[in-house]
Amino acid sequence: MILQQTARWSKCVDHRMQGRACRAVVSGPYKQRMRQLVGSASAEQRSNGVDPVTAQPPASMLGQPSAEELKDFEHPVSVEEFRRMGYRMVDMICDYYSSLPQQRVRPDVQPGFLRDQVPPSPPEQPDSFEQVLEDVHSKLMPGVVHWQSPSFFAYFPSNASFPAALADMWSSALSMIGFSWAASPVSTELEMAMMDWLAELCGLPPSFRCNGGAGPGGGVIQGTTSEAVVVALLAARARALRGRDPADKLKLVAYASDQAHSCFRKACMVVGVDHVRSLPTREEDNWELRPEVLQAAISSDLAAGLLPCFFMATIGTTSSCAVDPVGPLAEVATSSGCWVHVDAAYAGSAALLPEQRAAHFRGLDRVDSYSFNPHKWLLTTFDCCALWVADSGPLKEALSLTPVFLRATGNALDYKDWQIPLGRRFRSLKLYFVLRMYGAEKLRSYLRHHIALAQVFAAAVASDPRFELAAPQRFGLVCFRLRCVPREANEALLEAVNGGGRLFLIHTELGGRFTLRLAVGSATTQLEHVEAAWEEISRAADSVVERFGQTADGAEGQMAEAKEAGVRA
Ligand code: PLP
């Protein structure tokens, strides 16, 4: 028996990784015998020497581990040291959060600022925690944009929360990879339950529920909306090509409005859909896509012998939070066989509010898939994109592949068939902590708080004759600009506001006009921060207007009257 075991072991050490795996199961008398065998290896075999010329280990080393290599491995950070460092790290995080309101939101650094501060090669010997922390403070932190600052109004928010951070810590500690039910049952089961919880909170149609994997629909957590759109497009393609000549994939067409996020075009690039239609929207429609525009595009493609395959509507576009009329658009798209996906990356969290749901989220019962990012505005620290499908069949058709080593008995849901990578993190734990530790009521008041703050800001803009709202205020976003000024004046305004470092906004283009965007949604933002932001913007506008002038003949022309103060629930 010992000989048998030893022979198996010797075979394994031909391949060092396998050898390591085998050693783990060898114990007791076998262990002793193995150590004897290692002890009898020649001096050359036991040496750890590496040929200085070829940088190769001696040939004997590849076949025979040394005693040194077999010694128990000691990690530089023990459990007790981790306990101490962990407490310190939590202290550091708390101090960071306390200091956030005083920090410049955006760093004052230039590209390459870190190049000379990081050694060109990694250390050969371990550095201490203290040394690493010192470098974090002195070298890395100066390059951080403080997304959690209460005065971060750029892009869309990326909410962090302590419950999500705690969950992420635990998930890192477990570090399990739940690609299939069998690989970690809790990972799949909790994800199904959390996606159903979230579907219920958002009032999504029953077809999106996992119902314990009974199908046909269900939810899955992706990393980002960009991944969710690729996955939805792959499912659409699989469904469109069913029973067709594979060459027909060259005829597939995808549609979205010209306000859709660039992830739509990227998904088409990735999936290989060459006919991509970016359909025009108009200011007078508040940048929403009209169903007749979609209908005309589809009819023209059908007449040209092409195959309409995918339509993506957006609830809450990145530029202005426009909301496409999902129901009527879905009716047009589905009648010509398109898969309909709805991207609500940022605004989707607002569906927790019945009043927002009634105003902006109608028609979801007619779509094939829907996604939003709880990591944007629902306190579920990056990354967490919730994607639902009404029928997971085409998704699995597109993505299911089970090599022999992953075959398992039973018919449990395997999330590897709902996404591109095999590996997946335990992200549902973040939702579990957030949804339980906040509770639905608190989450609703959190969202309403931000929407109310955005309304306050929009009202301030609307009441200042120098400014105009560039689009109706929706969710937490306000789009605005100085009216009757040349484009450079608004550019200068943004530069002046951001240059001070006390707040951070970005701009967009609406109808070719330079427009500032203020997105309320950072987890720490309160009324005082929005008021301070308005004061700062207003003060900067004084000097910009003085510099550029402001007349009814401004180079950009006067915009039509600010729309009914632009404040919409
Ligand atoms: N869709 C919309 C409407 C967005 O606003 C964004 C990003 O802000 C995206 C998609 C892309 O999101 P992600 O970074 O999750 O891919």
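When a ligand or atom number is given, it counts from 1 through the structure's own listing order. Along the sequence shown, the residues carry numbers beginning at 1. All of these numbers come straight from a predicted model, not from anything done at the bench.
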> Would you say Thr318 and ligand 1 have an N/O pair spaced under 3.5 Å apart?
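Yes; the residue has a nitrogen or oxygen that sits under 3.5 Å from a nitrogen or oxygen of the ligand.
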> Classify the contact between Asn373 and ligand 1 as side chain, backbone, both or neither, using a heavy-atom distance cut-off of under 4.0 Å.
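Side chain only.
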> Give a yes/no verdict on a cation-pi contact between Arg106 and Phe504, requiring under 6.0 Å between NZ or CZ and the six-membered ring centre and an angle within 45° of the axis.
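Yes, cation above the ring, under 6.0 Å and within 45°.
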> Taking only Lys NZ, Arg NE, NH1 and NH2, and the carboxylate oxygens of Asp or Glu, determine whether Arg239 and Asp368 approach each other closer than 4.0 Å.
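Yes.
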> Is it true that atom CZ of Arg436 has more than 12 heavy atoms of other residues, nucleotides or ligands lying nearer than 6.0 Å?
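Incorrect, the count does not exceed 12.
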> Within the 4.0 Å heavy-atom shell around Lys376, which atoms of ligand 1 are there?
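Result: 7 (C), 8 (O), 12 (O).
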> Answer yes when Arg425 and Asp168 have at least one side-chain N-carboxylate O distance shorter than 4.0 Å, and no when they do not.
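Judged by the 4.0 Å cut-off on N to carboxylate O distance, Arg425 and Asp168 do form a salt bridge.
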> Examine the proximity of ligand 1 to Asp343 and report which part, side chain or backbone, both or neither, has a heavy atom under 4.0 Å away.
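Within the 4.0 Å criterion, Asp343 contacts ligand 1 through side-chain atoms alone.
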> Backbone, side chain, both or neither: what part of Glu227 comes under 4.0 angstrom of ligand 1, heavy atoms only?
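Under 4.0 Å from ligand 1, Glu227 contributes no heavy atoms.
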> Below 4.0 angstrom from a heavy atom of Gly316, which ligand 1 atoms are there? Numbered from 1 as shown, please.
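The list of qualifying atoms is 3 (C).
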> Could you tell me whether Ser226 and ligand 1 have an N or O pair separated by under 3.5 Å?
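Min N/O separation from ligand 1 is below 3.5 Å for Ser226.
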> Using a 4.0 Å heavy-atom cut-off, say whether Phe156 meets ligand 1 through its side chain, its backbone, both or neither.
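Contact part for Phe156 vs ligand 1: side chain (C-beta onward).
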> I want to know if ligand 1 touches Thr225 in the polar sense, i.e. an N/O pair below 3.5 angstrom.
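Indeed, backbone or side chain, Thr225 has an N or O that close.
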> For ligand 1, which atoms sit closer than 4.0 Å to a heavy atom of Cys263?
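Near Cys263, the atoms of ligand 1 are 10 (C).
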> For the residue pair Phe361 and Tyr370, establish whether any side-chain heavy-atom pair is separated by less than 4.5 Å.
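The answer is yes; the side chains approach within 4.5 Å.
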> Do Arg513 and Glu509 sit within salt-bridge range, that is, some charged N less than 4.0 Å from a carboxylate O?
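The answer is no: the pair does not qualify as a salt bridge.
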> Just one of Thr381, Asp383, Thr380 clears the side chain to side chain donor-acceptor pair (under 3.5 Å) bar with Arg427, so which one?
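Only one of Thr381, Asp383, Thr380 forms a side chain to side chain donor-acceptor pair (under 3.5 Å) with Arg427, namely Asp383.
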> Taking the minimum heavy-atom distance to atom 6 (C) of ligand 1, which of Gln222, Lys266, Met312, His261 ranks first?
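Residue with the shortest heavy-atom distance to the ligand atom: His261.
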> Using 4.0 Å as the upper bound for N to carboxylate O, is an ion pair formed by Glu355 and Arg448?
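The answer is yes: the pair qualifies as a salt bridge.
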